[in-house]
Amino acid sequence: MTKPVRVRFAPSPTGGLHLGGVRTVLYNYLFARQHGGQFILRIEDTDQTRFVPGAEDYIFNCLAWCGLVPDESVQRPGAVGPYRQSERKEMYHQYAHRLVEQGDAYYAFDTPAELEQMRERFKTAENPSPTYNQHTRQHMRNSLHMELEAARELIAEGTPYVVRIKMPDDETIRFTDMIRGEVSFHSSQVDDKVLLKADGMPTYHLAVVVDDYLMQITHAFRGEEWLSSAPVHLRLWQQLGWTDHMPQWAHLPLIMGPDGAKLSKRHGNKYGFPIFAMNWTDPVKNEFTEGFRERGFLPEAFVNLLALLGWNDGSGQEIMTLDEMVSRFSMERVHSAGAQFDFEKAKWYNHEWIKRSSAQRLLPDVKAVLQQRGLQPTATDEQLASIIDLVKERCTLLPDFYEQLAYFFAAPARIDLDSISGKWNEQKTLFFAELIRSYELLPYWQSTDLEHSFKEIAAANHLKPGELMLPFRIMLVGGKFGPGVFDIAQHIGQADTIGRIRLTLGLLGPAH
RNA sequence: GGCUCGUUGGUCAAUCGGCUAAGACGCCUCCCUUUCACGGAGGAAUGACGGGUUCGAUUCCCGUACGGGCUACCA
């Protein structure tokens, strides 16, 4: 009997949730669903200085929008809570002190200034950024140079201290990454990371190990930026005696911006396309960053494009539902190299999803777009749905529906007269006058009938219908776009169609 | 600088030693459509470099180059 699969996503509530984060959630989610396991959301809020109010709710909102709701979280607690690390603060202490007791960690009393001095002192051209490691720790104020009792006295007196891991001098630390295979590090190259901070909070390194253990995580997926600290975590799992429970690791390739560097939250606005799932306004800096949702992406498309950025099943199929992804996903087929994000391709995914979505599916989103732009369509949902079907293949992003739909409900604000006035003549004026008379008498207002009369009158006047359809379109739509002109006329209705013809005829003037 | 991961068209990528190197996005041409799109047909464009291993390397190994990540009492 193998252990039930449990995976987790562990964001820190410090700002917007970006593409890489959502993709990590997605891969976790797919893996959990595929294996009938649990997907846990843990809030890593151990850095009180970076805490941003609202960020946690925002993360939940993003996940809800994406349809990737965790099985266990602060909102839906399971048996291994609390799910916020700040609320687990005390739990980490015993383990930190246990490590000190065992000699695998030590107390350090160095002030920030002293650390700075150390870095200055050991800085050379070859080593521009010295770390707290097996060499430098000998020169620092820590419990390695004193009896443990003495150190504890200092602590009892209230001396600020941290707990640092004591990395071994000469050991090779290796593990198997589900994506990269065998990865190895030499312990002498790894610094003595802080485990417990002076404020009593654990650092990520301690917290991630303790929590993954306590929460019985079986597979730990995270971004590649964590790879270099993996040996610290491996060491901790080992020294805490939990090796048998250690999750399988997978370090996900990074998503890069067009500049080839890791997407950064900090520069959410510099790319010209969103990088956050949803709109995010930093309450401290009062800085606004646009999200994919508000840009007009369907969550189905967003999740789809993210899944295929760094993973594919080899079939060549690119458009997939979440269910399809669940059954086809495999961590072994995730790329090891980072991928540049291409917004053009992202738009293509959305376009495909809009084309394939039913009008019913699109209806609420389209209504929201119209309402946002101040358009209150005087149409039933059925009418609106049939118009959506008419125009959806022309819409890449949700807001495109406004341009494609507006003229169905109101005469176009601008009419592209230039496109018709050049070839305008008296004959055409007469044609449209006759068309109006004919349309006024039509017993049924159906696009096929409209087209039939149109062509009949054109033939009677020895005019080619083709030369007249563009002007007709511009009268109704205002420009050169939109679906078939007789379909448009049918939806606009008799009165408005005739009204718009008259209107443009008037603008063209009698001079012609 | 050190450590570490990576490197197939502009971008996403298939290939698990047999390649005349898929497919998709984007771009270009044509067809359909006297609008815009959709759809269809076609085109330009790729294995970083140098060594090995092998009958045979894009695929395996080693160097080099280049790129990313990390190098905080941040995650």
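Letters A, B, ... are given to chains in the order of the sequence lines, protein chains preceding strands, and every chain is numbered from 1.
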Which pairs, protein N/O on one side and nucleotides 62-68 of chain B N/O on the other, fall under 3.5 Å?
| residue | atom | partner | partner atom | Å |
| --- | --- | --- | --- | --- |
| B/G68 | N2 | A/Glu224 | OE2 | 3.3 |

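A cation-pi contact, defined as under 6.0 Å to the ring centre and within 45° of the axis, links A/Arg373 to A/Tyr402. Cation-pi geometry between A/Arg164 and A/Tyr132 is met: under 6.0 angstrom from the ring centre, within 45 degrees of the axis.
Within a heavy-atom distance below 4.0 Å of RNA chain B, the residues of residues 107-117 of chain A found are A/Asp110, A/Leu115. For the segment residues 386-399 of chain A, residues with any heavy atom less than 4.0 angstrom from an atom of RNA chain B are, sorted by number, A/Glu393, A/Arg394. Of the residues in residues 46-58 of chain A, A/Thr46, A/Asp47, A/Arg50 come within less than 4.0 Å of RNA chain B through at least one heavy atom, sorted by number. The stretch residues 410-417 of chain A has no heavy atom under 4.0 Å from RNA chain B, so no residue of it qualifies as close.
Across all strands, A/Ser336 comes closer than 4.0 Å only to sugar-phosphate atoms, never to a base (heavy-atom distances). Residue contacts for A/Pro253: at a heavy-atom cut-off of 4.0 Å it reaches no nucleic acid atom on any strand shown. Contact annotation for A/Phe341: no contact, since no heavy-atom pair falls under 4.0 Å across all strands.
Residue A/Lys355 places at least one side-chain N or O under 4.0 Å from the OP1 or OP2 atom of B/G39. OP1 and OP2 of B/U71 both lie 4.0 Å or more from every side-chain N or O belonging to A/Lys123. Contact check, A/Arg164 against B/C73: a side-chain N or O comes under 4.0 Å of OP1 or OP2. Dashed line: the shortest gap from a side-chain N or O of A/Arg333 to OP1 or OP2 of B/U15 is under 4.0 Å. Regarding contacts with the backbone of B/A14, a side-chain N or O of A/His335 is found under 4.0 angstrom from either OP1 or OP2. Between A/Asn312 and B/A14 there is a side-chain polar atom (N or O) within less than 4.0 angstrom of OP1 or OP2.
Using cut-offs of 30° and 60° for the angle between ring planes, the A/Phe329 and A/Trp311 rings count as tilted.
Between the side chain of A/Lys345 and the base of B/A24 there is at least one donor-acceptor pair of N/O atoms closer than 3.5 Å.
Nearest to the side-chain atoms of A/Leu470 among the listed nucleotides B/U7, B/C70, B/U35 stands B/U35.
Of the N and O atoms on the side chains of A/His251 and A/Ser336, not one donor lies less than 3.5 Å from an acceptor on the other residue.
The CD-P distance, from A/Glu182 to B/C5, rounds to 10 Å in whole Å.
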Check your understanding: Using Watson-Crick and G-U wobble pairs whose two distances are both under 3.5 Å, how do you write the pairing of RNA chain B as dot-bracket, with | for links to another strand?
Key -> (((((((..(((.....[....))).(((((.......)))))....(((((..]....))))))))))))....

